[in-house]
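Values reported hereafter were calculated over all heavy atoms of this structure, with side chains retained and with hydrogens, waters and symmetry mates removed.
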Amino acid sequence: MPPRPGPLRRGRAWLERRPLLVLVVPAVLALGAVAGLADIAGGERIDRAARHLHPAWLVLCLGGELLAYAGYVLMVRDTSKVDDGPSLSFGRSLQTVIGGFGVFAATRTSGGFAVARVLALGALEYAVLAPAALCSAIALLVSGEDVPLTLTLPWLLVIPGAFAAVWVTSPKRAPRYSKASGGGRIRQAFAHAVAGLSILRSMFVAPPREHGLGLLGTVAYWAGDIACLWGALQFFGNPKLSVPALIIGYATGYVLTRRSLPAGGAGIVEIALTFALTWVGFPFGRALLGVVVYRLFNLWLPILPALAVLPQVNELRRELEEAEAA
């Protein structure tokens with residue numbers, strides 16, 4: 001008989017049968033976080049920040065998220081087919097991304113991929129964001145901009161982290177480290193992580209024509225999402241914030257992606273991103289309002305297409321699992 005599902009998987013299955021609850025819980029978390037932050041900011045600062053609105057910047061927010069969606073579709077397609085994995089059509093890739101974004105990230109995996117491919121997809125995200133944050137941190141340190149060292153210096157760890165990833169995924173070591181049989185949960189987690197990084201390494205060492213679109217899609221994903229945040233901040237007036245400071249604030253407040261955080265990061269991202277923008281020099285009240293607008297496009301707007309593809313998600317998951325097994 002197959003092993004009995006663990007409590008986490010049973011809880012996820014219970015939530016999947018109650019999509020209304022998946023909507024209500026993140027909404028309560030997000031509203032609670034925003035209310036707490038608004039109380040810290042004070043009504044006067046919030047009112048002053050909301051007096052001068054520039055609606056034209058909402059076009060950038062929408063365009064940025066559409067670009068992020070398109071980029072993520074390319075990421076999913078390329079990650080799935082590495083090392084003879086399942087080849088997805090554009091339509092299936094789009095359904096996978098739509099079903100995995102929004103608050104449905106609370107209960108859905110990325111289309112039912114094997115664990116290693118899910119980790120490879122996450123590693124691909126940071127393979128672009130982390131170097132961008134590293135370059136931004138170096139630019140801030142060189143320019144002497146008034147940004148705390150506690151926000152810039154930690155990003156220098158990207159350099160030894162990259163060397164460690166290259167070392168552990170070398171062809172001589174990866175087959176041994178990626179074997180999870182006979183080990184405990186920590187050993188299995190390490191093995192899956194190495195397997196995911198090995199998939200990422202395969203993407204980077206392959207000729208550009210094989211996985212170049214996936215890497216380009218990753219750049220488009222982060223560029224679109226950061227552009228959405230920039231547009232949301234511009235909605236309340238011209239922010240005096242340099243591009244390196246914006247990237248550092250974004251990356252620091254969004255160290256975990258909405259796909260890996262429970263409930264799409266509702267409540268957590270609002271708090272972390274607001275404070276991160278404040279730490280890089282942005283006014284607290286305007287940062288809070290900008291983050292609220294950003295999350296409307298980043299988290300809540302994707303709910304509508306996610307509801308549309310919800311009936312096909314389980315079928316899509318079965319297809320991917322069968323393809324992965326084959």
Side-chain angles (χ1 to χ4, degrees), residues 26 30 33-34 37-38 41 46 49-50 52-72 75 101-103 105 125-126 128-137 139-140 145 147 151-152 155 217-261 264-303:
V34 171
L37 293 172
I46 295 294
H52 305 288
L53 304 181
H54 304 270
W57 286 102
L58 296 180
V59 177
L60 178 60
C61 295
L62 179 60
E65 284 306 309
L66 290 177
L67 177 63
Y69 257 75
Y72 215 84
M75 291 169 59
F101 272 39
V103 296
E125 295 174 7
Y126 288 106
V128 171
L129 180 62
L134 171 63
C135 294
S136 298
L140 292 173
E145 192 169 338
V147 174
L151 292 184
T152 55
W155 288 106
T218 310
V219 175
Y221 168 66
W222 288 121
D225 209 48
I226 293 175
C228 179
L229 175 60
W230 177 251
L233 296 174
Q234 290 275 7
F235 179 64
F236 297 97
N238 184 26
K240 296 179 180 179
L241 194 66
S242 67
V243 173
L246 173 68
I247 294 176
I248 285 293
Y250 173 91
T252 302
Y254 225 160
V255 172
L256 296 176
T257 65
R258 60 185 166 191
R259 187 174 53 79
S260 58
L261 284 170
I268 300 174
V269 171
E270 285 80 3
I271 295 173
L273 195 51
T274 299
F275 278 105
L277 290 171
T278 303
W279 293 333
V280 296
F282 205 73
F284 188 87
R286 289 175 61 188
L288 171 59
L289 292 176
V291 168
V292 169
V293 173
Y294 161 73
R295 291 291 276 173
L296 288 176
F297 288 90
N298 167 270
L299 177 65
W300 298 106
L301 191 59
I303 291 175

Identified side-chain contact (heavy atoms from CB on, under 4.5 Å) counterpart of Val291 within the set Asn298, Val34, Ile271, Thr274: Thr274
Side chains of residues 241-253: which donor-acceptor partners sit under 3.5 Å, not counting sequence neighbours?
residue	atom	partner	partner atom	Å
Ser242	OG	Glu145	OE1	3.0
Ser242	OG	Glu145	OE2	3.1
Ser242	OG	Ala245	N	3.3
Tyr250	OH	Asp225	OD2	2.5
Thr252	OG1	Ile248	O	2.7

Let me confirm one number: the CG-SG distance from Leu66 to Cys61, rounded to the nearest 0.5 Å. 11.0 Å
Using the test side chain to side chain contact (heavy atoms under 4.5 Å, CB included), find all partners of Leu53 that sit at least two apart in sequence or belong to another chain. Phe235, Phe236
Would Phe275 and Phe284 count as a ring-ring contact (aromatic ring centres under 6.0 Å, His included) here? Give the steps. CA-CA 7 Å; Phe275 278 105; Phe284 188 87; 5.5 Å; yes
Pairing residues for Ile46 by the side chain to side chain contact (heavy atoms under 4.5 Å, CB included) criterion, not counting sequence neighbours: Ala41, Leu288, Leu289
dist Leu277:CG -> Leu229:CG (nearest 0.5 Å) comes out at 5.5 Å
Is a side-chain donor or acceptor of Trp155 paired with a backbone partner of Ala130 at a separation under 3.5 angstrom? no
About how many Å separate CG of Leu67 and OH of Tyr72, when rounded to the nearest 0.5 Å? 14.5 Å
Going by the rule side chain to side chain contact (heavy atoms under 4.5 Å, CB included), which residues pair with Leu301 if we only count those two or more places apart in sequence or in a different chain? Leu62, Phe297, Leu304
For the pair Lys240 and Phe282, evaluate side-chain contact (heavy atoms from CB on, under 4.5 Å) and give the outcome as yes or no after the intermediate values. CA-CA 7 Å; Lys240 296 179 180 179; Phe282 205 73; over 6 Å; no
Which pairs, with at least one residue in residues 55-64 and sequence neighbours excluded, count as a side chain to side chain donor-acceptor pair (under 3.5 Å)? none
Salt bridge (Lys or Arg N to Asp or Glu O under 4.0 Å) contacts touching residues 268-290 (sequence neighbours left out): Glu270-Arg295
